[in-house]
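The structure appears below as structure tokens.
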Amino acid sequence: MGTDKSKEIVLHFVIFILTFALISSAFTHAETISTAAELDIVPLEIDAPIPVYPKEAWDKSPEGMVTVKFDITDEGYVENPYIFNASLPGKFELYALQAIKDHRFEPPDETSNHTKGVAKHFFFTLDSSPKVPVRVKYPKTAMEHGPEGYVVVRFGVSAWGDVRDQEVVGAKPAGLFEAAALDAASKMKFARHFKPDQKVLHKFTFSLNSKPSKAVVAEYPAAAKEQQLQGHVVVEFDINEDGTVENAEAIYSDADVFESAAIAAVSEFLFEPNTSKEGVLHKVEFNLNQDYQPLSKVEPEYPREALLNNIEGYVIIRFEIDESGSVANPKVITAKPPNVFNESAVTAVEQFKYTPKYVDGQPTPVKDGTIRFLYEIPDEESKSSGRALRDRASSTQARYAMRRHSLRPTHKLLIEGNQDNGSVIVEFDVNELGFVELPNIVEAQDTRLTHKVTQRILDEVGFYRYTPFETNDAPKIVYGVRHRIELRFQEN
């Protein structure tokens with residue numbers, strides 16, 4: 001029986017291993033590798049390039065994971081890779097596939113079965129997870145107009161964890177935030193070891209909207225009303241562990257008369273608990289009379305079944321706009337056909353953002369906002385079946401017509417019928433626009449494929465669209481993409 005001391009040492013070792021695993025899984029483009037249940041050993045990776053985070057996703061910078069399965073040849077090369085799963089279908093798969101194709105492993109030993117069914121998980125994020133977070137400073141020269149934006153910086157990391165060779169690879173808007181982003185990147189430190197030629201991406205976001213869970217409207221100063229003054233104040237503050245605000249101070253204002261009111265309002269803000277942060281910025285507006293204006297709108301998604309069945313229609317929604325400019329209480333007042341596009345339309349409206357309506361200096365709710373969404377498949381080409389679209393894949397006009405209403409890939413397909421569930425691996429090309437061309441089924445497992453079932457699968461896949469694959473800022477055709485789809489049959 002071990003001593004108490006030996007038990008303590010073992011416990012500390014287990015905690016160290018778990019902590020290291022958590023840190024590694026959170027890192028930019030982190031990767032994990034495993035094998036199917038019957039496999040015991042994975043050959044050692046000789047070359048394991050990190051997949052590129054696609055530029056098309058920089059604006060919203062979603063985080064996701066792609067699982068790729070593959071075999072390893074006797075020479076250590078990757079063979080038969082296919083997409084097994086993805087947390088954000090259509091977003092990162094092509095980049096994960098390209099990365100795994102460029103992997104190289106040590107040639108396996110004489111036991112050949114351990115080279116089959118290897119799985120690797122690629123994580124995509126624009127947060128490089130430095131050892132010590134660095135607060136990026138919003139440039140004071142930009143506070144007069146207060147735009148939002150971001151900068152993506154690419155850099156290497158030295159053996160000591162210092163950032164080197166940093167460069168801006170993307171900025172929106174251009175010319176405002178790059179210097180601040182490069183300065184912040186130069187101060188980051190990393191604990192993880194990097195390869196000498198490895199490049200990391202990090203997105204720095206610039207915003208004057210702190211997004212409190214509870215905001216307080218600033219009282220319009222009487223003196224400012226008398227003089228018909230309008231303007232804004234940028235307040236800097238800290239957020240405590242309990243979500244309250246402290247140390248609020250004005251760091252920019254159009255007129256001193258607004259500062260006290262802005263500080264008083266922000267000091268009453270509440271944030272989600274356990275989100276403590278220093279140096280948070282918030283822009284407080286003071287407008288006398290102004291109608292609401294749209295800031296951002298989201299195009300609704302065309303429902304999958306409606307598109308596959310060539311159903312068109314429209315939805316009219318009435319909604320409210322609260323004092324912060326957010327949409328509230330969206331309700332469908334007219335829909336044709338009923339209950340087909342309702343959910344899609346409401347989901348889109350809920351994401352709209354407006355500048356508030358101001359009356360006599362006070363943000364005022366709007367009760368009667370309305371919008372009409374038209375769901376229309378653009379032309380006769382796009383109303384064709386998936387197979388017909390494939391037959392006319394050379395028609396640029398047809399591919400553009402489908403751009404707005406193409407479907408995201410799915411890893412599970414429900415099919416009418418009474419037979420055993422199973423799965424298929426479908427192979428196809430993806431063109432420069434991200435559309436599928438020439439799909440065919442290369443493998444079926446645990447089920448039989450009738451002509452009707454085969455047609456249903458190919459019609460579905462024919463509508464898929466992926467984030468286009470780019471190298472050196474130019475879109476490329478990706479040949480031989482393989483994608484696994486689970487088939488689930490159900491009675492009509």
Side-chain angles (χ1 to χ4, degrees), residues 135-150 172-173 175-177 180 205-240 243-272 275 277-297 319-329 351-369:
R135 176 162 57 94
V136 64
K137 294 182 179 180
Y138 193 103
K140 287 198 173 183
T141 54
M143 288 184 183
E144 179 179 357
H145 301 290
E148 293 193 343
Y150 68 84
K172 185 178 180 180
L176 284 179
F177 304 117
T205 301
F206 296 83
S207 174
L208 296 180
N209 181 4
S210 62
K211 299 181 180 178
S213 57
K214 177 187 175 183
V216 174
V217 177
E219 184 176 347
Y220 212 105
K225 280 187 181 181
E226 291 175 3
Q227 301 177 56
Q228 296 290 294
L229 292 178
Q230 299 186 125
H232 68 269
V233 179
V234 177
V235 179
E236 184 175 36
F237 58 95
D238 301 331
I239 303 175
N240 297 318
T244 58
V245 169
E246 67 175 1
N247 303 325
E249 63 173 331
I251 61 172
Y252 174 88
S253 65
D254 291 331
D256 294 345
V257 68
F258 295 123
E259 292 184 4
S260 296
I263 292 172
V266 171
S267 296
E268 297 299 319
F269 283 10
L270 290 178
F271 295 82
E272 295 296 330
T275 56
K277 196 173 181 181
E278 295 181 353
V280 182
L281 301 181
H282 193 93
K283 179 183 176 184
V284 182
E285 294 274 7
F286 293 88
N287 294 305
L288 285 170
N289 293 286
Q290 176 180 294
D291 203 358
Y292 68 93
Q293 299 291 333
L295 280 177
S296 62
K297 291 187 176 182
F319 57 93
E320 301 172 8
I321 302 172
D322 64 21
E323 294 92 334
S324 69
S326 297
V327 168
N329 302 320
Q351 300 176 70
F352 283 13
K353 189 70 177 177
Y354 293 84
T355 58
K357 180 178 181 179
Y358 288 90
V359 177
D360 197 24
Q362 292 297 316
T364 305
V366 176
K367 300 293 185 181
D368 57 352

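What you see is a predicted model; the values in this text were computed from it and never measured.
Pairing each heavy atom of Gly149 with each of Pro173, the nearest pair is CA-CD, 4.0 Å. Smallest separation of non-hydrogen atoms from Pro139 and Ala180: CG-CB, 4.3 Å. Closest approach of Ala218 to Ala261, counting heavy atoms only: CB-O, 3.9 Å. Across every non-hydrogen atom of Pro363 and Gly361, the tightest pair is CD-O, 4.0 Å. Taking all atoms of both residues into account, the shortest heavy-atom contact from Val245 to Phe271 is CG2-CE1, 3.7 Å.
Salt bridge status for Glu219 with Lys225: absent, with no side-chain N to carboxylate O gap under 4.0 Å.
Between Pro147 and Leu176 there is a side-chain heavy-atom pair separated by less than 4.5 Å. Counting heavy atoms from C-beta on, the side chains of Lys357 and Pro365 never come closer than 4.5 Å. Side chains of Ser253 and His232 form no contact here, defined as non-hydrogen atoms less than 4.5 Å apart. The shortest distance between side-chain heavy atoms of Val233 and Val266 does not fall below 4.5 Å.
The 12-atom threshold is not exceeded at CD of Glu278, counting heavy atoms of other residues, nucleotides or ligands nearer than 6.0 Å. Within 6.0 Å of NZ in Lys353 there are more than 12 heavy atoms belonging to other residues, nucleotides or ligands.
Separating the CD atom in Gln362 from the CD atom in Glu323 is a distance of 9.5 Å, to the nearest 0.5 Å. Summarising the geometry, atom CD belonging to Gln228 is positioned 8.0 Å from atom CG belonging to Asn289; distances are rounded to the nearest 0.5 Å. Atom NZ of residue Lys283 and atom CE of residue Met143 lie 11.0 Å apart, to the nearest 0.5 angstrom. Note that CZ of Phe177 is 12.5 Å distant from NZ of Lys172, once rounded to the nearest 0.5 Å. Going from atom CG of Leu270 over to atom CG of Asn240 covers 11.0 Å, rounded to the nearest 0.5 Å. Atom-to-atom distance recorded for Tyr252:OH and Thr141:OG1 is 10.5 Å, nearest 0.5 angstrom.
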Carefully, step by step, assess Tyr358 and Asp360 under the rule side-chain hydrogen bond (donor to acceptor under 3.5 Å, both in side chains). CA-CA 6 Å; Tyr358 288 90; Asp360 197 24; over 6 Å; no
- Would you please test Arg135 and Glu236 for salt bridge (Lys or Arg N to Asp or Glu O under 4.0 Å) and show each step? CA-CA 13 Å; Arg135 176 162 57 94; Glu236 184 175 36; 3.5 Å; yes
- Query: Hey, mind stepping through Phe206 and Lys137 against side chain to side chain contact (heavy atoms under 4.5 Å, CB included) and telling me if it holds?
  - Reply: CA-CA 8 Å; Phe206 296 83; Lys137 294 182 179 180; over 6 Å; no
The test is side chain to side chain contact (heavy atoms under 4.5 Å, CB included); show your working for Leu281 and Ile251 and say whether it passes.
CA-CA 9 Å; Leu281 301 181; Ile251 61 172; 3.6 Å; yes
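The closest side-chain donor-acceptor pair between Asn209 and Ser207, if any, does not fall under 3.5 angstrom.
Remark: the backbone N or O of Tyr292 is not paired with any side-chain donor or acceptor of Thr355 at under 3.5 angstrom. A donor-acceptor pair is defined here as one N or O able to donate and one able to accept, closer than 3.5 Å; such a pair exists between the side chain of Ser267 and the backbone of Ile263.
Between Phe269 and Phe237, the ring planes lie perpendicular to each other; the angle is over 60°, past the 30° to 60° tilted range. Ring geometry, Phe258 versus Phe286: the interplanar angle falls under 30°, so the pair is classed parallel (tilted spans 30 to 60°).
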